[in-house]
Amino acid sequence: MAGKTALITGITGQDGGYLTELLLGEGYAVHGMIRPTAVLRGSRLEALGLAHPGRVVLHNADLTDTSSLAALVEKSAPDEVYHLAGQSHIQVSFDLPEYTGETTALGTLRLLEVIRRRGDRVRFYLAATSELFGEPEMSPQTEATPLRPVNPYAAAKLYAFSLVGAYRRAYGLHASCGILFNHESPFRGESYVTRKVARAAAEIAAGRATELVLGNLEARRDWGYAGDYVQAMYMIVQADTSDDYVIATGESHSVRELCEQAFAHVGLDYRDHVRQDPGLFRPVDISETRGDARKARERLGWAPRVAFPELVRMMVDAEVERVARCDCSGDRD
Ligand code: NAP
């Protein structure tokens, strides 16, 4: 609705870019938190044409610094806060568990406290994750599936997720969580498997590389398109009542299928180029995630629009274009 102001933390990330585009289209004034070290050149915001002054207002702040978060909320005076920022990589969370807790868990506490203390009627959204379910005993996973994190990233998100529920009940905040399953796009960080596979297919097809070495090819994930998932975030925040929602496609595909479709799209057989290295398996690897987004469908009217084969083609096509432009620097993740 016109006239509203949104604050996005994590605006330089994959989802931040898509969400900014959506909210500007809805007539919002968009403010974003960036770290003082952020480099906008080559970022998703720039690629989407959103980094120009005047389109979004960017503020320096950091999740580890409460005073910067207080100033951020004061200056932006948001109606809605979309809290997407945090250390979001699982493998990195094993390497930097304390930092992951500081940003993803305590950073959420700091931000919620700033909002609560101001007493404004701000709507708050937290980017939660299917990683909360750990190695689930039932499939597909719903809002009722037990939460049993198996990595430091998910443990930090569980703390943040629990806080949102606590603040909703204790203080009556309109605070909601999207329990989002994996979602991808050409702007996915380069360290994620979908992006690695898309890039390798394009580079190998162009004769710039010969091999891709991956971890567990049999791991199955429920992969959706980031553009669809930011639409869900927006719908969650617009709902009259705050609540938590699983956002997923309901289908899972293996990394092997991902490789097969991505390489086939550029006329290659992945078996000639992809090698599995057990040394790259995670300390604890979840064999399958698959979500049931029935609640979001029934209460919000949300449904994914981009199916897996189209998503894979979109990502490979973007990499083919990048390789053709010799722009192999990509983004910064
Ligand atoms: P992303 O691309 O990794 O973006 C993370 C964002 O957080 C970046 O803007 C990053 O800023 C910012 N950030 C990291 N540490 C920070 C700190 N200390 N202070 C301030 N900002 C900080 O993540 P994404 O894929 O867009 O995902 C958005 C959110 O959804 C994340 O919280 C992620 O955990 C969650 N999520 C994602 C998925 C998925 O499949 N994509 C699934 C479930 C949940 P810099 O640019 O400065 O690094």
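Ligands are counted one by one from 1 in listed order, and the atoms in each one are counted from 1 as well. Keep in mind that this is a model prediction, so the values were computed, not measured.
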Provide the number and element of each atom of ligand 1 under 4.0 Å from a heavy atom of [X].
| X | result |
| --- | --- |
| Gly10 | 6 (C), 7 (O), 9 (O) |
| Asn182 | 40 (O) |
| Arg188 | 25 (O), 39 (C), 40 (O), 41 (N) |

Which bit of [X] gets closer than 4.0 Å to ligand 1, counting heavy atoms only: side chain, backbone, both or neither?
| X | answer |
| --- | --- |
| Phe187 | neither |
| Lys157 | side chain |
| Met33 | side chain |
| Thr103 | side chain |

Are side-chain N/O atoms of [X] and [Y] paired as donor and acceptor at under 3.5 Å?
| X | Y | answer |
| --- | --- | --- |
| Arg290 | Ser252 | no |
| Ser88 | Tyr192 | yes |
| Gln141 | Thr289 | no |

Does ligand 1 come near enough to [X] that some N or O of the ligand is less than 3.5 Å from an N or O of the residue?
| X | result |
| --- | --- |
| His183 | yes |
| Asp15 | yes |
| Leu84 | yes |
| Ala127 | no |
| Thr129 | no |
| Gln14 | yes |
| Ser130 | no |

Grouping ILVMFWY residues whenever side-chain heavy atoms fall under 4.5 Å, the cluster of Leu96 otherwise contains Val92, Tyr99
Looking at non-hydrogen atoms alone, which of [options] comes nearest to [atom]?
| atom | options | result |
| --- | --- | --- |
| atom 14 (C) of ligand 1 | Ala61, Gly16, Gly86 | Gly86 |
| atom 36 (N) of ligand 1 | Tyr82, Tyr18, Tyr153 | Tyr153 |
| atom 23 (O) of ligand 1 | Gly107, Gly13, Ser88 | Ser88 |
| atom 9 (O) of ligand 1 | Leu69, Leu126, Thr12 | Thr12 |

[X] side-chain N/O to [Y] backbone N/O, donor-acceptor pair under 3.5 Å:
| X | Y | value |
| --- | --- | --- |
| Ser185 | Tyr225 | no |
| Asn182 | Trp223 | no |
| Gln87 | His89 | yes |
| Asp62 | Arg35 | no |

Ion pair check, [X] and [Y], cut-off under 4.0 Å:
| X | Y | value |
| --- | --- | --- |
| Arg199 | Glu319 | yes |
| Glu321 | Arg325 | yes |
| Arg110 | Glu102 | yes |

[X] heavy atom under 4.0 Å from ligand 1:
| X | result |
| --- | --- |
| Tyr99 | yes |
| Glu131 | no |
| Ala128 | yes |

All pairs passing salt bridge (charged side-chain N to carboxylate O under 4.0 Å, His left out) where residues 167-183 contributes a residue, at least two apart: Arg168-Asp244
Have a look at Tyr229 and tell me which of Trp302, Tyr18, Tyr82, Phe181 forms a ring-ring contact (aromatic ring centres under 6.0 Å, His included) with it. Trp302
